[in-house]
Asker: 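Here it is, the structure, as structure tokens.
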Amino acid sequence: MPHRHSIFCILPPHMLDQVVQSGTSAQRDMAARTLAASRQIRDRRGNITASVMKGAITTTGTAQRTVYDAKFGTNLPGSIARKEGDAPVADVAVNEAYDGSGATHDLYAVAFGRNSIDNHGMNLNSTVHYDKGYDNAFWDGQQMVYGDGDEDLPASERLFNRFTISLDVIGHELTHGVTQYEANLVYKNQQGALNEAISDIFGSLVKQYQRDQTADAADWIIGEGLFTANINGAGIRSMKAPGTAYNDPVLGKDPQPAHMKDYLTTSQDNGGVHINSGIINHAFYVSAIEIGGYAWAKAGQIWYKTLTEKLNSNSNFQNVADLTFQTAGEIFGVGSLEQIGVKKGWTEVGIAVVDSGSGIPPVPIPGGDGCLKGLLRSVGLAK
Amino acid sequence: MMRIIFERSGGFMGRKVSLDLDLATLPPDQADALKLLVAESDFLNLTELPTNTPAPDGFAYSITVKTSTIQHTIQASDANFPQGLRPLLNDLLARARSQ
Ligand SMILES: [Zn+2]
């Protein structure tokens with residue numbers, strides 16, 4: 001993709017409008033991606049954003065959501081509680097599952113041009129109120145499932161709130177679906193920890209996107225709000241500082257490592273997939289901070305391309321390090337700040353990137369007309 | 001004698017919850033209630049479940065019942081957990097969670 005680098009730049013509103021109004025669907029899609037990538041330098045509430053978002057939605061499909069209620073039983077999916085287009089209902093968990101899967105769909109559509117979990121408009125199905133005292137959420141291969149935490153215990157004994165309370169948990173579960181349709185990483189050992197980290201990464205990006213936060217403004221906490229006030233902790237995991245999310249007499253201390261030297265070899269939890277994911281999470285965090293701006297725009301772009309085009313079911317930590325580095329070179333140029341940022345992330349967690357030497361040669365950052373022309377060329381509206 | 005060893009692992013948090021119960025140490029009515037749950041589920045005669053692909057963030061459960069003559073373990077996930085074992089699971093979970 002020869003002109004890919006030039007889409008990450010500022011464009012005047014009328015040009016994007018032109019692409020959105022007169023372009024083909026592929027061109028509109030590209031314009032939408034451009035907008036997402038350059039989001040950090042424009043006002044997302046402005047007219048430009050609104051008109052391009054319209055373009056993005058027509059090319060990547062609107063969300064088709066259904067939220068079911070298991071009524072504290074374990075039969076899936078349960079009975080329909082809210083369908084796409086229905087007004088909010090009285091049940092807060094139903095609305096959270098509905099809104100959260102919509103927010104996740106939007107990030108994938110606008111930032112990455114993806115049409116739902118399978119990229120073919122798959123319905124987003126969620127079940128809430130699964131089982132009694134079910135302090136968990138999972139992806140069952142076809143849908144998202146959420147428990148209500150410790151709703152069956154007296155308030156003074158509860159550790160967990162309902163799992164829909166945290167937007168990044170919803171993004172995390174839905175991303176397990178995306179991973180299943182893309183790299184389909186084995187859910188075990190390093191492959192499984194990478195699978196977990198990808199869900200945390202994109203789950204966190206959903207939250208950051210919804211809050212309009214740049215990398216340095218985000219809290220990088222996974223599962224904020226899941227703990228009741230009885231627990232001493234900010235959330236389940238910290239991508240910024242793995243191992244520090246909670247420290248509590250009942251739950252113990254957050255066991256996540258932030259470096260390969262602390263990689264945990266265990267037979268529990270499919271080889272510690274929720275523990276060793278801290279290493280990858282932290283590498284992403286460091287890269288996003290190094291690169292700066294909105295994390296979904298550049299670091300997210302690099303990871304999305306790596307997930308959808310390069311990883312396979314057996315990819316391990318070293319593979320993803322090498323491949324994200326390579327991908328950063330392809331999108332932003334060899335030796336670009338973005339590629340250096342990716343490498344820095346891996347170095348901090350103790351993984352030395354092996355440079356395959358591929359990618360595009362470094363180019364000066366285009367400005368003014370050069371930048372404009374780059375975009376128009378890339379969508380076929382200029383020579 | 002009867003001993004029940006229970007473990008729940010995995011989940012979004014990856015936190016293990018476990019229990020090792022010697023029924024002789026429980027109040028007699030509780031011990032009897034548990035023995036009844038084991039008998040009603042026909043636990044000792046249940047065949048092992050085929051291992052299935054783990055659902056991301058799903059729980060994995062392991063229940064072992066030991067008597068003076070026999071020891072039997074059933075491992076299951078949220079997706080394939082036997083309905084007939086749920087009453088026993090719920091009792092064990094309530095105990096493990098309140099520890
Ligand atoms: Zn997960």
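We name chains A, B, ... by the order of the sequence lines, and we start the count at 1 in each one. We use all heavy atoms of the structure for the numbers below, so side chains are in, but hydrogens, waters and symmetry mates are not. Keep in mind that what you see is a predicted model, and the values were worked out from it rather than measured.
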Asker: Hydrogens and angles aside, do Thr25(B) and Asp22(B) bring a side-chain donor and acceptor to less than 3.5 Å of each other?
Answerer: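 Judged by distance alone, the side chains do not pair up.
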Asker: I'd like to know if Asp135(A) pairs up with Arg8(B) as an ion pair, taking the criterion as any Lys NZ or Arg NE/NH1/NH2 lying under 4.0 Å from an Asp or Glu carboxylate oxygen.
Answerer: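 Yes.
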Asker: One thing to verify: whether Asp219(A) and Lys207(A) come together as a salt bridge, which I'm taking to mean a side-chain N less than 4.0 angstrom from a carboxylate O.
Answerer: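 Looking at Lys207(A) and Asp219(A), the cut-off is met.
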Asker: Relative to chain B, which of Leu76(A), Val145(A), Val169(A), Val250(A) shows the most heavy atom pairs under 4.5 Å?
Answerer: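 Heavy-atom pair counts peak at Val169(A).
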Asker: Hey, are Glu182(A) and Arg114(A) close enough for a salt bridge, meaning a charged N less than 4.0 Å from a carboxylate O?
Answerer: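 Arg114(A) and Glu182(A): salt-bridged.
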Asker: Please identify, among Arg97(B), Arg86(B), Lys16(B), the residue contributing the most non-hydrogen atom pairs under 4.5 Å to chain A.
Answerer: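 Highest number of heavy-atom pairs under 4.5 Å: Arg97(B).
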Asker: Between Arg237(A) and Asp254(A) (salt bridge meaning N to carboxylate O under 4.0 Å), is one present in this structure?
Answerer: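 A salt bridge is absent here (no side-chain N lies under 4.0 Å from a carboxylate O).
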Asker: Between Thr179(A) and chain B, which part of the residue has a heavy atom less than 4.5 Å away: side chain, backbone, both or neither?
Answerer: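 No part of Thr179(A) comes within 4.5 Å of chain B.
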Asker: Does Phe6(B) have Arg95(B) sitting over its ring (NZ/CZ under 6.0 Å from centre, angle to axis within 45°)?
Answerer: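 Not satisfied by the 6.0 Å and 45° rule.
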Asker: Heavy-atom count around Gln142(A) CD within 6.0 Å, excluding the residue itself: above 12?
Answerer: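 No - once you tally the heavy atoms of other residues, nucleotides and ligands closer than 6.0 Å, there are 12 at most.
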Asker: Kindly say whether Ser18(B) contributes a backbone atom to a donor-acceptor pair with the side chain of Glu7(B) at under 3.5 angstrom?
Answerer: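 No, the answer is negative, given that no donor and acceptor are paired below the 3.5 Å cut-off.
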Asker: Tell me, for Ile275(A) versus chain B, whether the close heavy atoms (under 4.5 Å) come from the side chain, the backbone, both or neither.
Answerer: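 The answer is neither part of Ile275(A).
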Asker: Shorter than 4.5 Å, heavy atoms on both sides: which option in Gly58(B), Ala60(B), Ala94(B) has the most such pairs with chain A?
Answerer: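 Among Gly58(B), Ala60(B), Ala94(B), the one with the most close pairs to chain A is Gly58(B).
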Asker: Walk me through whether Phe59(B) and Phe81(B) qualify under ring-ring contact (aromatic ring centres under 6.0 Å, His included).
Answerer: CA-CA 10 Å; Phe59(B) 284 132; Phe81(B) 200 88; over 10 Å; no
Asker: Can you check whether anything in residues 148-165 of chain A gets within less than 4.5 Å of chain B, heavy-atom wise, and list it by number?
Answerer: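 Within residues 148-165 of chain A, the residues under 4.5 Å from chain B are Gly149(A), Asp150(A), Asp152(A), Leu153(A), Leu159(A), Phe160(A), Phe163(A).
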Asker: At a heavy-atom separation under 4.5 Å, does Ile222(A) approach chain B through its side chain, its backbone, both, or neither?
Answerer: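 Looking at Ile222(A), just its side chain touches chain B.
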Asker: With a 4.5 angstrom heavy-atom cut-off, which part of Glu173(A) approaches chain B: side chain, backbone, both or neither?
Answerer: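 The answer is the side chain of Glu173(A).
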